[in-house]
Amino acid sequence: MSQKQEAAPAMKGLGHKPKRTAKPKLPQKTAAHQGELALIEAIRVRTLGQRAPQLELGIGDDCALLGLQPDEQIAVTTDLSLDGRHFSLDCHTARAVGHRTLARGLSDLAAMGARPLAAFLSLGLPERLTLPRGKKPSWMDEFYDGLLTLAGQHKTPLAGGDLSQSPLALADIVLVGAVPRGKALLRSGARPGELLYVTGQLGAAALGLDLLMKSKGAAARSKSPRVQQQLERHLHPQPRLAQGRRLAERRLATAAMDLSDGLSMDLARLVKASGVAAEVDAALLPLAAGATLEQALHGGEDYELLFTAAATTRLPRSIAGVPLTKIGRIIAASKGQPALTLLRNGERQPMAASGWEHFS
Ligand SMILES: [Mg+2]
């Protein structure tokens, strides 16, 4: 049997080892292999209804083929989610994990002003998560429910990936997007005198995470509309793709990034990339209902956009229903001065970057 007849290589599992087909005499391995192929086939079938003109060849060959418009650049981002680090099997539903896995990648495309072309997902799961739970579908099935629902909303086909049995649940997503050549929003474009903006509201995701972890996941089952609303932004963040594209296409923003690790941490990265400093006015921050200033400044995962614009640029109040709010300004960096300053109650104080950081 040739390699191409054997499986769907653009969505291949680790058990797929074409060179070993001469020795197919290990019944247990064969059973596992069959199981994996059946799982992969089930995923492939779920992606058949995807409609996306840019997907010229989807799952089923050695590679997917994506079409580009003339004069576009490709934007690529990858993001790893681990149980116990980025999500918790004890606290998060499979749907929420699937949604969040894709949202993280889409948010990076939004930050560059890119339009999504396709997603590629590598999934490592303990076997029990691939098995039906009584009459309920498997954890993996519900994970794909969450991921594919968001993918459909943003016309982002799942065009390939990999699947492996793993002691630790993990999801590694790759997003491929396209941006008009020369118009991508970079972190390095901010200049002194420009103004600093965010989309949407800040602190909601940190507030939701706090509720979820303090209740050990019980908050997710709460019937209270208020609790559900507070959890929503943590469980189902919305990548700001329409906002990023508009800012890029109309050249409204000079620099941008998405808020994944917290405003203080991410702003520190933006000013460093641009070689500038920034002042944030606490009174201007658009706090989400119930969120504290601390959560807005240092809580991660809001997945809003942080961007800069020239003081003379006329920005709309909102883009696609999401408000834009001025929160401060860009100033020149100078030796001995903090890169970030917080104006609060008439006082200026240095603002430490203290959001989410790995290996810290
Ligand atoms: Mg990012």
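Counting starts at 1 for both ligands and their atoms, in listed order.
- Evaluation of the side-chain hydrogen bond (donor to acceptor under 3.5 Å, both in side chains) test over residues 305-326, restricted to residues two or more places apart or in two chains, returns Thr254-Thr308.
- Here the Mg ion (ligand 1) has protein N, O or S atoms under 2.8 Å from it, and they come to 2.
- Salt-bridge check for Arg115 with Glu249: failed, with every basic side-chain N at 4.0 Å or more from each acidic carboxylate O.
- Here the closest non-hydrogen pair linking Ala190 and Val276 is O-CG1, 3.5 Å.
- Partners of Leu324 under the side chain to side chain contact (heavy atoms under 4.5 Å, CB included) rule, at least two apart in sequence or in another chain, are Thr199, Phe307, Leu315, Pro316, Ile319.
- Under the 4.0 Å criterion applied to side-chain N and carboxylate O atoms, Arg100 and Asp79 are not assigned as salt-bridge partners.
- Identified under the side-chain hydrogen bond (donor to acceptor under 3.5 Å, both in side chains) test for residues 118-134, with sequence neighbours left out: Arg133-Glu142.
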